[in-house]
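One structure is given below, encoded as structure tokens.
Both counts, for ligands and for their atoms, begin at 1 and track the order of listing.
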Amino acid sequence: MLTEINFDGIVGPSHNYAGLSHGNLASTRNFGRVSRPRDAALQGLAKMRLNLELGLVQGWFMPQDRPDEAWLARLGTDMAQATPELRYAAMSASSMWAANAATVSPAPDTVDGRCHLTPANLVTMPHRSHEWPGTLAQLRLAFANADHFAIHDPVPPPFGDEGAANHMRFCAEHDSAGVEVFVYGMGGAPFPARQHREASAAVARLHGLDPERTILARQSDEAIAAGAFHNDVVAVANEYVLFAHEQAFADREDLYAALRSRLPELVVIEVPASSVSLADTIASYLFNAQLVTLPGGGMALILPGEARATPSVWAWLEQMVGGNGPIRELHVADLRESMANGGGPACLRLRVVADPTSIDPRFLVSPDRLDLAEQIVSQHWPEEIAPHDLARPALWQTVRSARNALLDGLSLTELAD
Ligand code: SUG
């Protein structure tokens, strides 16, 4: 049976605040702060447990090998010699944000009836541009069953692709044919538009989508300029529901009309700027919630603690769930370590609609496997990392052996360096 499965990236042991993402306000603001990798990973695992408790199917991806010496070697350097910028980039744990790992088109949408996945090239940010080989290796392992899955190579540069964070799928139910919306950026100065239209169009072609059921929509320049470096900071979709800020899209009426003509049951829940400003939207990550269908019916939002702490946002949400709409429940997850780098609940997960039995079971999560991962993280992940620690060879060693301990414990040693 086709089910939605959320695959979360486990926060890697090198998680740190290096201020690497221009246009991501949290990343810039927290540059130089001391990070807490162990807490960060435990917070992420606790979110996965919450999803399990809600009766959802949960998967995970492993942290990548850091420092990425192979990447530095291609640049003619190594950790000892590299400039601080390259050293930070080589140590980044940014693959935790699995919404940027790939774009996924489930089987009911594609011409060959398989689920198609394309890893994102992430070329706009140097520290993320070397994630895709490690991502591709995991996708090839987790979704090796070629009767069910097709895995593509990333779109070639210079066309920037940031994956599912800029992709929304609408459908009556997860296992019925969808309408896929690819959101690209073009303006947004002084910040870069990280998702290019040409990359979105390429992914749609590669996945064999029906052009009639594929929409390319432009993100509004003001959203990017306000700090929405991905569409999933201002909008989220689930089945027939679009939950979005009024200023998310350049031509919102056109988008809603295009969607409605393809999916008459569409429900748009739009938050007006007069209730929640773009600034509060970015600070709270209201739309970076996971919007999920509960097994008993009805939908729930899994929100970051910052949403509850932002008065305009929480007031709006309480009023919404008090009404008669499709979103019935609010759940809050403490993700403050990831949030301080601009990564909320939805950033940490990649949605795949598939039959769980067609997936390598080592990538699926159970309460026991969560216990095991928590134990390994508690024992091996560094408690704290300050920016100057990133130059210490002892930390490089700790980070490598922590990841290897996790891969050993979860029997995923094929991924070891
Ligand atoms: O790409 N932050 C990530 C956050 C990604 C959030 N993902 C989604 N919205 N789907 C980024 O900007 C900061 C790393 C640092 O500064 O050390 C960072 O890469």
Side-chain angles (χ1 to χ4, degrees), residues 6-9 11-12 14-37 40 44 61 63-64 66-68 84-104 120-132 135 160-168 183 185 188 191-195 219 223-224 226-237 245 248 281-282 284-291 304 306 335 337-351 385-387 389-390:
N6 285 278
F7 287 81
D8 279 43
V11 179
S14 67
H15 158 67
N16 69 87
Y17 298 117
L20 298 174
S21 271
H22 181 52
N24 167 345
L25 305 185
S27 157
T28 305
R29 193 176 47 245
N30 291 307
F31 168 56
R33 237 180 76 172
V34 174
S35 67
R36 302 189 62 80
F61 293 126
Q64 296 196 357
R66 296 291 178 265
D68 191 345
E85 289 73 22
L86 286 181
R87 196 185 298 127
Y88 289 157
M91 279 294 271
S92 180
S94 53
S95 70
M96 72 176 82
W97 298 298
N100 307 115
T103 306
V104 184
N121 62 28
L122 293 164
V123 291
T124 304
M125 296 290 159
H127 69 288
R128 305 210 62 180
S129 66
H130 57 108
E131 279 176 38
W132 70 261
T135 300
D161 180 20
E162 304 259 329
N166 299 304
H167 175 254
M168 302 184 290
V183 183
F191 300 140
R194 290 161 64 166
Q195 180 73 38
Q219 190 178 8
I224 298 175
F229 54 96
H230 290 133
N231 174 64
D232 69 2
V233 178
V234 279
V236 58
H245 192 270
T281 296
I282 309 297
S284 66
Y285 264 39
L286 163 60
F287 299 99
N288 202 256
Q290 286 180 247
L291 179 56
E306 287 75 357
L335 295 167
E337 282 290 314
S338 167
M339 280 289 288
N341 255 335
C347 298
L348 286 161
R349 63 95 172 89
L350 182 69
R351 284 180 287 188
I385 299 181
D389 293 331
L390 298 173

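Close approach to A99 involves these atoms of ligand 1, each under 4.0 Å from a residue heavy atom: 10 (N). Taking a cut-off of under 4.0 Å to the non-hydrogen atoms of H230, the atoms of ligand 1 that pass are 7 (N), 8 (C), 9 (N), 10 (N). Taking every heavy atom of G19 and a limit of under 4.0 angstrom, the matching atoms of ligand 1 come to 15 (C), 16 (O), 17 (O).
With sequence neighbours excluded, the residues that form a side-chain contact (heavy atoms from CB on, under 4.5 Å) with S27 are S21, N24, N341. For T281, the side-chain contact (heavy atoms from CB on, under 4.5 Å) partners are V234, H245, V276, F287, not counting sequence neighbours.
Residue contacts with ligand 1 for H127 involve side-chain atoms from C-beta outward but no N, CA, C or O (heavy atoms, distance under 4.0 Å). Contacts between Y88 and ligand 1 below 4.0 angstrom, taking non-hydrogen atoms only, are absent altogether. Heavy atoms of A18 found under 4.0 angstrom from ligand 1 belong to the backbone as well as the side chain. Only the side chain of R194 comes within contact range of ligand 1, with a heavy atom under 4.0 Å; no backbone atom does.
Counting heavy atoms only, N100 comes closest to atom 7 (N) of ligand 1 of the residues N100, N30, L20.
Remark: R33 qualifies as a cation-pi partner of Y17 under the 6.0 Å distance and 45° angle criteria applied to the six-membered ring.
Geometrically, ligand 1 and S27 share a nitrogen or oxygen pair separated by less than 3.5 Å. An N or O contact shorter than 3.5 Å links N341 to ligand 1 by distance. The distance criterion of under 3.5 Å between nitrogen or oxygen atoms is not met by N288 with respect to ligand 1. Not one N or O of E162 is nearer than 3.5 Å to an N or O of ligand 1, by distance alone.
With no hydrogens or angles considered, no side-chain donor-acceptor pair links H230 and Q195 at under 3.5 Å.
Exactly one of F229, F191, F31 qualifies for a ring-ring contact (aromatic ring centres under 6.0 Å, His included) with H22. That residue is F191.
Salt bridge E337/R36: absent, no basic N to carboxylate O contact under 4.0 Å.
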